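Reading through the structure tokens given below for one structure.
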Amino acid sequence: MKRALIILVGVAAAIALYCAPTAPKGSKKSPAGASDLAVAAQKTYVAPGDLDEFYLFASGGHSGQIYVYGVPSMRHLSTIPVYAPYSATGYGFDDETRAMLGGLTWGDVHHPALSETNGDYDGRWLFVNEMNGRVARVDLKDFKTRQIFGPMPNISGNHGSAFVTPNTEYSMVASRFSIPIPKGKSLPIDKYATDYKGIIAAVKIDPKTGEMSQGFEIMTPPFDWDLGDAGKKISDGWMFWTCYNSERATGKLEVTASQRDRDYIAAVDWRAAEKAIAEGKGDLIGGVKVIDPRKVPGIVYLMPCGKSPHGVDVSPDGKYVIGSGKLQGVTTVFNFEKIQTAIRNKDFTGDEDGIPVLKYEDIKDAEVPVGLGPLHTQFGPDGFAYTSLFVDSAIAKWKLGTWEVVDKIPMSYSIGHLCAAEGDTVSPKGKYLIGLNKLSHGRHLSVGPSQPESSQLVDISEEKMKLLYDAFTEPEPHYAQMIEAKKLHPIEVYPKEESKNPLAIWDVKDAGVTRAGSNVVVKVVLVRSTITPTAIEVNQGDTVKIAMTNIEQTTDELHGFGLLDYNINIVVDPGETKVVTFKADKPGVFPYYCTNFCSALHQEMQGYLIVKGKS
Ligand code: K7E
Ligand code: CUA
């Protein structure tokens, strides 16, 4: 802060001296920095009609959504609704997406995870967790949420996910909150240390379709599991998660859960867990097979780590596991081979409910003096690591192997996660790094008390990191994934030949109402510039199912169906069919109209639902 002030004062003086007549009021430009600003502008300028080099998929936190940006322009391209209704795309209004949301209308999204093949992003799916025990899959063919799996049994506060393994075998999950299991059982809080349980779990992913299903669960002491990362290359087959509150405390955790000097990183041999489950070694709890490490040893180990760690990150070669106490001034580099040796030699200092504890000194390679408040680490292509420092509000760049800190750049302000181009894969792309900051105050036009978050684009192509751009993003940017744009090939139209919905129709001649008792099915065609039929008559009390097909096969020709007073808002992409079912319980005449501006006669695209009263 002090340094920022000094710079500001210096800059103000420079403006006054040299460019008072030309600099816009409040400009922070200085003649000395001008060339840098010009370079930064050039590096981030994507000319009209040109395309960005990377996609950024950013967590939308408790908005429940994923935001898509182009990098380096940092332009917001689209919002992918996942856990909350989104009227812009009609998400959560039609039968299918409403069923997927399952009655919940919010989710707290934390960690998006792109699917991987051999540890590299393959551009097929994006998985993302939310706190209410769920993981969702977005298909990157059409950028649509296709599955929401969960809420999973026994898991409360699904923070430690949706990290995928190097060949997308699993999306890994860990509970932040411990509860008595199965869910639904209640026990007094003074039983917390002994009878409440944490859970580590794996969601199985079908390699062809991406469909998720229940994998396995492992019971743990009531630690608060925080974040994870899958091993890769030599550490493939292992999964790592940090935890705080190894004190098993309750109440004011900022005090009670900070008693010990160290918490843990769990090292989980997930192939061994898979095998144990296949051999029938799990206990059925809450409808799922759960491994109790007391009965099934050899699956989980605990690595002591600085107090209350947050992120844990595995280097691209899989050799190093990096994690640290979030109030420390150093980050610890653990050596995977040393971890394996210690496990083989049974070099343990004790156990936690049957889970062996390794010796810190035996498994660590280095403590890197990155600065205060290390949270998360990402990687470049050249052996450099980048660690976010919350307390210092900065990013530290350091070298793997020599453990030398070579550069630091301030972040405005209070960085949490950071995201480098493919920076958590086996082959990071370098070039860009984005600081996902918690505070933005004073760096944008004020928008009142609800301030946006700030995401700052940093150039990492040279020795020194350079700030390129400030972008302002929706809450809450916990984590993001940046992938080369050339890896994605989204479709822009659903081809008519692939239409599978039995209620789809492709000719206005087939549109109309059919009735079976009080069940009414309405087949609707949406095409420029008519909604056919233009009037629908039903009786009060009917169950009405409207199936609408947008028969356009042209990019960008979306149509909407807004039905006033019935809270129905559907958007149908070209070639898509959407179905909405509702009870026509209100008599009267209700206009429906196209909500997406589609043609010169868009305004004419309207009709009437007539609900005849009972008497
Ligand atoms: Cu915000 Cu990964 Cu949920 Cu760190 S988490 S900052
Ligand atoms: Cu269709 Cu506007």
Side-chain angles (χ1 to χ4, degrees), residues 58-64 90 107-113 128-132 157-163 172-177 224-229 240-244 308-313 323-324 326 373-378 387-391 393 395 411 413-419 424 434-439 453-455 473 475-481 524-532 534 548-552 554 556-562 569-574 576 578 591-607:
S59 159
H62 46 290
S63 77
D108 186 359
V109 167
H110 281 254
H111 309 109
V128 65
N129 69 319
E130 73 90 25
M131 288 292 283
N132 225 314
N158 172 28
H159 186 264
S161 70
F163 315 103
M172 293 297 191
V173 167
S175 63
R176 176 171 155 202
F177 308 121
D224 292 46
W225 297 107
D226 203 23
L227 269 134
D229 195 15
F240 303 91
W241 274 285
T242 55
C243 76
Y244 57 96
S308 305
H310 190 49
V312 55
D313 297 281
S324 39
K326 64 178 167 239
L375 292 187
H376 302 284
T377 299
Q378 292 267 291
T387 300
S388 62
L389 306 166
F390 180 80
V391 179
S393 187
I395 297 171
M411 284 285 103
Y413 303 89
S414 300
I415 182 172
H417 271 279
L418 73 181
C419 172
D424 60 1
I434 294 169
L436 302 161
N437 308 324
K438 304 300 182 194
L439 308 171
E453 319 298 329
S454 100
S455 293
T473 49
E476 169 70 30
H478 290 290
Y479 191 32
Q481 300 268 274
V524 168
V525 166
L526 303 168
V527 70
R528 280 164 285 174
S529 298
T530 306
I531 300 175
T532 311
T534 53
M548 42 207 120
T549 304
N550 175 351
I551 66 171
E552 307 270 1
T554 312
D556 228 353
E557 277 303 334
L558 285 71
H559 296 291
F561 181 89
N569 157 56
I570 310 290
V571 178
V572 194
D573 293 349
E576 193 182 30
K578 279 197 179 158
Y592 51 80
Y593 68 102
C594 176
T595 50
N596 274 62
F597 205 106
C598 52
S599 69
L601 297 175
H602 153 80
Q603 207 72 354
E604 280 72 4
M605 208 167 161
Q606 64 183 54

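Because the structure is predicted, anything quoted here is derived from the model rather than measured. In each ligand, atom 1 is the first atom listed, and ligand 1 is the first ligand listed. Note that these values count all heavy atoms, side chains included, but never hydrogens, waters or copies made by symmetry.
- A side chain to side chain contact (heavy atoms under 4.5 Å, CB included) with Asn158 is found for one member of Asn129, Asn132, Asp108 and no other, namely Asn129.
- A salt bridge does not link Lys438 with Glu453: every distance from a Lys NZ or Arg NE/NH1/NH2 to an Asp or Glu carboxylate oxygen is 4.0 Å or more.
- Under 2.8 Å from atom 3 (Cu) of ligand 1 lies an N/O/S atom of His110, whether from backbone or side chain.
- Of the residues Leu375, Asp226, Thr242, the one that meets the side chain to side chain contact (heavy atoms under 4.5 Å, CB included) test with Pro309 is Thr242.
- Atom 4 (Cu) of ligand 1 sits nearest to atom NE2 when only the N, O or S atoms of His310 are considered.
- Numbered from 1 in the order shown, with element, the atoms of ligand 1 that lie under 4.0 Å from a heavy atom of His159 read 2 (Cu), 3 (Cu), 5 (S).
- Here Cys598 meets the criterion, with an N, O or S atom under 2.8 Å of atom 1 (Cu) of ligand 2.
- Here His111 has side-chain heavy atoms under 4.0 Å from ligand 1, and that is the only part of it that gets that close.
- Residue Met605 counts as close to atom 1 (Cu) of ligand 2, with an N, O or S atom under 2.8 Å.
- Among the heteroatoms counted here (N, O or S) of His559, ND1 is the one nearest to atom 1 (Cu) of ligand 2.
- At a 4.0 Å heavy-atom cut-off, ligand 1 touches Leu227 through the side chain alone.
- Taking every non-hydrogen atom of Gly416 and a distance limit under 4.0 Å, the qualifying atoms of ligand 1 come out as 6 (S).
- For Lys438, every heavy-atom contact with ligand 1 shorter than 4.0 Å involves the side chain, none the backbone.
- Taking the six-membered ring where the residue is Trp, the centroids of His111 and His159 are separated by under 6.0 Å.
- A donor-acceptor pair is defined here as one N or O able to donate and one able to accept, closer than 3.5 Å; no such pair exists between the side chain of Asn550 and the backbone of Glu576.
- The contact set between ligand 1 and His376, taken as ligand atoms under 4.0 Å from a residue heavy atom, comprises 2 (Cu), 4 (Cu), 6 (S).
- Of the possible polar contacts, none joining the Glu476 side chain to the His62 backbone as a donor-acceptor pair under 3.5 Å is found.
- The closest protein non-hydrogen atom to atom 1 (Cu) of ligand 1 is His478 ND1, 2.2 Å.
- Cation-pi geometry between Lys578 and Phe561 is not met: the NZ or CZ atom fails to fall both under 6.0 Å from the ring centre and inside 45° of the normal.
- Side-chain atoms of Ser161 do not come within 3.5 Å of backbone N or O of Val173 as any donor-acceptor pair.
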